[in-house]
Chemist: 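Next up is a structure, given as structure tokens.
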Amino acid sequence: MNKNKSSILLVEGPDDQHVVWTLLRHHKVAENFEVRDKGGIDQLLETVPVQLKGSELRRLGIMVDADENLAGRWQSLTVLLGKAGYPELPGVPEGAGTIVEHEGKPKIGIWLMPDNRTSGMIEDFIQFLVPAGDPLIDHARRCVKGIGDSHRRFRPSYLSKAEIHTWLAWQDHPGTPMGQAITRKYLDADCRHAAGFIAWIRRLFGD
Amino acid sequence: MPKPIFLHGLEIKGFRPFAHLTLPELSRVNLIVGKNSCGKTSLLEAIQLFVAEGAVFNIRDLLSSRNEISAERRGEAEAGQMIGDNLAYEALFFGRPDLDLERPELSIASLGPDATILHVAYCRFIEKIEDSDGQARRRIIIVEREDAAEGSPAALQVKVGDRERLVPIEIVDRSRRVSRRDLDSPFPFQYVPADGLSSNDIARGWDKVTLTAEEGIIYSALRLVSADIERVAFVADTRTPYNRYGMTKVSGQSKPIPLRSLGEGVNHLLGIAVSLIAARDGLLLVDEIENGLHYSVMTRMWKLILDQSRALNVQVFAATHSLDCIRGFQAATAELGFGDARLIRLEGKSGNIEGVSFDPAELRIVTEEDIEVR
């Protein structure tokens with residue numbers, strides 16, 4: 001299959017890809033762009049400057065985890081895009097998702113998971129989609145936090161991953177992946193955070 | 001022995017479609033891509049003009065190879081004022097200026113170590129004989145536009161570094177037609193045009209390599225397209241003996257067969273191979289390198305060129321339209337771990353042409369991501 005060469009959303013991994021796909025379907029967003037799984041942050045960042053030199057590229061979305069240091073991630077993107085001919089990124093990411101437009105150059109959108117404001121990752125974004133007042137999420141958080149240091153096998157930065165997957169394990173179909181959890185309506189794809197993300201997608205890829 | 005030449009970077013102003021083009025980095029092997037009329041051939045021409053230091057034969061060839069014969073100047077020819085051809089000198093300069101009104105200039109400069117600059121300016125001059133202490137001295141005066149006497153002869157002022165010379169266009173017009181494909185070129189570059197070298201040019205190239213160590217390179221190249229080729233010889237055409245053409249012995253065939261009958265690709269590849277060898281310590285320039293060649297040959301062809309560019313110390317500039325050629329180039333650089341190569345896309349509208357460059361690491365991503373680079 002030929003890849004879409006003009007409009008691409010780069011994401012870090014398959015989970016991100018599936019979450020985006022299901023959100024797009026739920027919000028009936030025209031699929032005029034490709035969601036491409038880059039298999040890791042390093043590969044994704046390495047691809048960006050080369051993609052920007054492609055002769056058919058018109059719109060490029062970059063969706064990455066802020067991870068533990070939102071400011072640091074933003075700084076590295078600023079340097080990367082500065083070298084690629086986009087010197088005017090704002091000092092901090094825009095809360096509604098950053099869009100950069102430059103005369104004669106591809107349009108760029110940047111979304112730092114979970115919300116362009118806080119450090120974290122896609123699992124934190126998914127936690128935002130847990131329906132308000134859900135009784136199990138607090139329980140899941142307490143359980144995970146209750147594991148003593150000597151028994152905890154994941155690194156502290158993966159706390160939100162452990163929490164959301166614990167919560168997912170307690171649904172109708174235990175172990176449902178995040179993307180499908182949207183389809184199965186365990187998660188609220190109409191909540192404020194999901195709508196904000198979709199608005200960014202529409203601003204970037206809508207004609 | 002001339003000093004080996006290597007262009008580390010290039011800056012072109014006012015030449016053909018380039019108002020101002022800077023290519024800050026060049027590699028040993030450079031593949032040039034871009035849409036039609038983005039100046040791929042013009043870039044190859046600029047390199048030739050620079051390396052030939054604005055030589056008369058080169059200027060005349062740049063113009064006559066593209067049929068740049070002036071319509072206005074035909075009048076002069078009919079009036080019997082013209083000797084030789086009526087070359088359209090405005091075609092050398094950006095925007096084709098009106099030479100009756102303007103005095104255009106162009107410059108082509110190499111960047112980095114050994115940076116040099118070639119300036120070419122169009123002017124008119126008058127010759128004065130002056131008496132200097134009883135001796136008649138000839139003095140050339142460049143006339144400024146305002147007081148340009150009607151009909152004063154035109155010339156190109158050619159400056160390389162601090163050496164300057166005046167080339168009356170009459171001399172260019174009357175100069176011998178020397179093919180750019182001339183393998184005896186006094187300048188360290190070889191040019192293979194899009195339609196390949198002529199049989200005779202290839203024959204002369206062949207004469208230089210036959211029975212030498214380099215002969216093997218030619219056979220390796222030929223066997224890329226036809227594995228059955230055993231031997232090649234150039235023979236005189238019985239009707240016009242100064243014309244020679246290639247014959248080949250193919251395994252399983254008892255009689256020799258004409259090289260041309262093996263397809264257009266064989267001829268193009270042979271032209272590239274003899275030119276590569278003749279370009280030792282200099283530059284090889286190839287237009288539409290993919291012409292007549294099947295896509296399956298591309299990677300192997302590039303591996304051969306990459307290997308030999310190093311062995312023979314040749315810097316290569318090749319232009320292409322073909323995606324298969326680009327993929328073959330990428331695959332060959334990857335397989336050989338050849339880092340001193342790049343792809344350069346010329347893009348933009350006339351006057352604002354820029355170069356976008358991809359190194360081998362970026363080309364790997366281009367292939368993986370299926371990014372359009374043409």
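By convention in this document, chain letters (A, B, ...) are assigned in the order of the sequence lines, proteins followed by strands, and residues within each chain are numbered from 1.
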Chemist: So does A/Asp138 have more than 12 non-hydrogen atoms from other groups sitting under 6.0 Å from CG?
Modeler: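 Above 12, so yes.
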Chemist: If I measure from the heavy atoms of chain A, does B/Val366 come under 4.5 Å with its side chain, its backbone, both, or neither?
Modeler: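 Both parts, heavy atoms under 4.5 Å.
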Chemist: Please find the pair of heavy atoms, one from B/Arg374 and one from A/Ser55, that lie closest to each other, and give the distance.
Modeler: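 It is O-OG, 2.6 Å.
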Chemist: Under 6.0 Å from the NZ atom of A/Lys105, do we count more than 12 heavy atoms belonging to anything else shown?
Modeler: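 Counting other residues, nucleotides and ligands, NZ of A/Lys105 exceeds 12 neighbours.
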Chemist: Compare every heavy atom of B/Ile371 with every heavy atom of A/Gly54, then report the nearest pair and how far apart it is.
Modeler: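 What the structure gives for the nearest pair is CA-CG2, 3.5 Å.
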Chemist: So for A/Gln43, is it side chain, backbone, both, or neither that comes closer than 4.5 Å to the heavy atoms of chain B?
Modeler: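 For A/Gln43, neither part sits under 4.5 Å from chain B.
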Chemist: Please list, in residue-number order, every residue in residues 168-189 of chain A that has a heavy atom less than 4.5 Å from any heavy atom of chain B; write 'none' if there are none.
Modeler: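 If one takes a 4.5 Å heavy-atom cut-off, no residue of residues 168-189 of chain A lies near chain B.
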Chemist: Provide the closest heavy-atom pair for B/Glu362 versus A/Val50 in the form atom of the first, atom of the second, distance.
Modeler: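 Looking at all heavy atoms of both residues, the closest pair is O-CG1, 3.5 Å.
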Chemist: May I ask you to decide whether B/Glu347 forms a salt bridge with A/Lys53, counting only side-chain N to carboxylate O separations under 4.0 Å?
Modeler: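 A salt bridge is absent here (no side-chain N lies under 4.0 Å from a carboxylate O).
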Chemist: Give, for atom CD of B/Glu369 and atom CG of A/Leu57, the distance between the pair rounded to the nearest 0.5 Å.
Modeler: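 The CG atom of A/Leu57 is 11.0 Å from CD of B/Glu369, to the nearest 0.5 Å.
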Chemist: Would the number of heavy atoms belonging to other residues, nucleotides or ligands and lying under 6.0 Å from OH of B/Tyr295 be above 12?
Modeler: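 For B/Tyr295, atom OH is not crowded (no more than 12 foreign heavy atoms under 6.0 Å).
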Chemist: Apply salt bridge (charged side-chain N to carboxylate O under 4.0 Å, His left out) to A/Lys38 and B/Glu368, showing your working.
Modeler: CA-CA 11 Å; A/Lys38 286 307 303 161; B/Glu368 283 168 7; 5.3 Å; no
